[in-house]
Visitor: 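Submitted below is the structure of interest, expressed as structure tokens.
Since we're looking at a predicted model, the values are computed, not measured. Read the numbers this way: they start at 1 and go in the same order the structure lists the ligands and their atoms.
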Amino acid sequence: MKKYLLLLLIILLVGCGSKVNKMKDLSLLNKAEIDAYAKENNLKVTYKDVYSNEAKGKVISQSIKEGEKFDKDDELVIELSLGRLDDNTYTNYKVNELGRVPVMMYHGIHNKKSSETSYIGGNVDKDGYQRTAEAFEADLNFYYNNNYRFIRLEDYINGKIDVPLGYSPVILTFDDGLENNIKVTGLDKDGNIIIDPKSAVGVMESFKKKHPDANITATFFVTGDIFNQKEYNDKILKWLIDNGYDIGNHTWTHVNFKNASISDAQEEVGSVYELLEKKIPGKYVNIVALPYGSPGVKTHQTYPYILTGTYNGKTYHTDACLRVGWESDYSPFSKYFDKEFIKRIRAYDNNGKDFDIEYNFNILKEDRFISDGNVNTIVIPAKYKDYISNPYNLELITY
Ligand SMILES: [Zn+2]
């Protein structure tokens with residue numbers, strides 16, 4: 001008899017131990033049924049509404065996939081369809097996902113008032129490569145107030161443009177890894193970096209607090225000196241990655257590729273990838289901002305080696321290259337888009353002339369990318385359909 005009891009106990013224990021929560025397919029449930037399922041399994045459920053061709057209220061995706069294990073208190077994100085927008089809405093919002101995209105090029109941000117410089121509009125040097133913190137903050141407000149929202153450069157090159165219906169994407173980039181991009185003034189008692197609020201990241205962080213819906217982010221292109229703050233460089237890189245910013249490659253010595261040999265090119269590009277791989281493994285972007293915009297033509301002998309090469313016995317690949325100046329670039333869905341040769345707008349002020357911010361954004365009024373709010377579709381006026389390239393196999397909707 002004792003033997004049987006023991007056996008029963010073992011069966012019970014094994015039975016309890018094997019009770020693992022596995023997610024079920026939620027695609028055919030409605031919101032009330034999902035709420036009930038989440039409650040029953042102690043899951044925190046949040047809903048995200050997206051426009052799609054599916055009927056309104058239909059589940060588009062579940063963050064914990066069917067068959068995946070989960071624990072209680074895990075977060076379950078459900079995308080629910082808002083239904084498809086009708087052609088009138090596209091027309092009213094002038095949706096055009098073949099419109100142009102501004103990639104802004106910044107360098108230094110200086111802790112100065114714009115009235116303290118000898119140049120116009122918050123430029124700190126003649127050409128406006130250096131800007132005051134005040135002017136930079138005004139730039140951010142200008143983009144935001146003109147219905148632009150920030151996206152990652154990495155997402156742009158991969159055709160992932162996630163901004164709400166009627167809004168346009170804008171991308172921020174910083175070259176040279178200058179100290180004033182993210183100036184660290186010390187460490188707090190827990191060892192976290194304290195960031196100067198008037199450095200570029202300081203300005204962006206305070207903007208983020210005021211406008212969480214702006215999704216502000218930027219990509220910083222560094223050389224071998226990283227952010228020129230030896231004692232803090234490692235902490236800075238980690239902080240940027242943890243806080244939604246990206247790091248890219250600006251070559252080890254800020255080389256001019258026009259005057260470089262093939263082996264120089266591989267060393268310049270490969271050594272920065274090697275450094276980033278050591279400091280933030282797998283967390284940087286494989287994008288090169290070309291110093292001086294050089295070599296200026298893709299036919300230069302170094303170009304193939306900027307894109308792929310070998311350094312220290314390791315092969316690297318570059319997904320995209322950025323040029324210097326002067327205007328917005330194509331939509332990633334345009335057949336003319338070339339991610340290996342992306343144009344940027346120099347973010348400076350010249351009274352609306354010579355390709356400054358105001359000049360470019362005036363042109364963009366006629367021809368900007370305007371989103372349908374759905375990252376999974378490409379929506380364009382029918383007259384543009386011959387200009388489409390769709391390597392991401394997104395659903396194409398013309399109206
Ligand atoms: Zn540079």
Visitor: Looking at every heavy atom in both Glu327 and Ile345, which two are closest together, and how far apart are they?
Guide: C-CG1, 3.4 Å

Visitor: Can you confirm whether Lys343 is buried at NZ, in the sense that more than 12 heavy atoms of other residues, nucleotides or ligands lie under 6.0 Å from that atom?
Guide: yes

Visitor: Restricting to N/O/S atoms, is Asp175 within less than 2.8 Å of the Zn ion (ligand 1) or not?
Guide: no

Visitor: Which single N/O/S atom of Asp176 lies at minimum distance from the Zn ion (ligand 1)?
Guide: OD1

Visitor: Between the Zn ion (ligand 1) and His250, is there an N, O or S atom separated by less than 2.8 Å?
Guide: yes

Visitor: Closer than 4.0 angstrom, basic N to acidic O: yes or no for Lys314 and Glu274?
Guide: no

Visitor: Nearest 0.5 Å, what's the CG-OH distance between Asp35 and Tyr47?
Guide: 3.5 Å

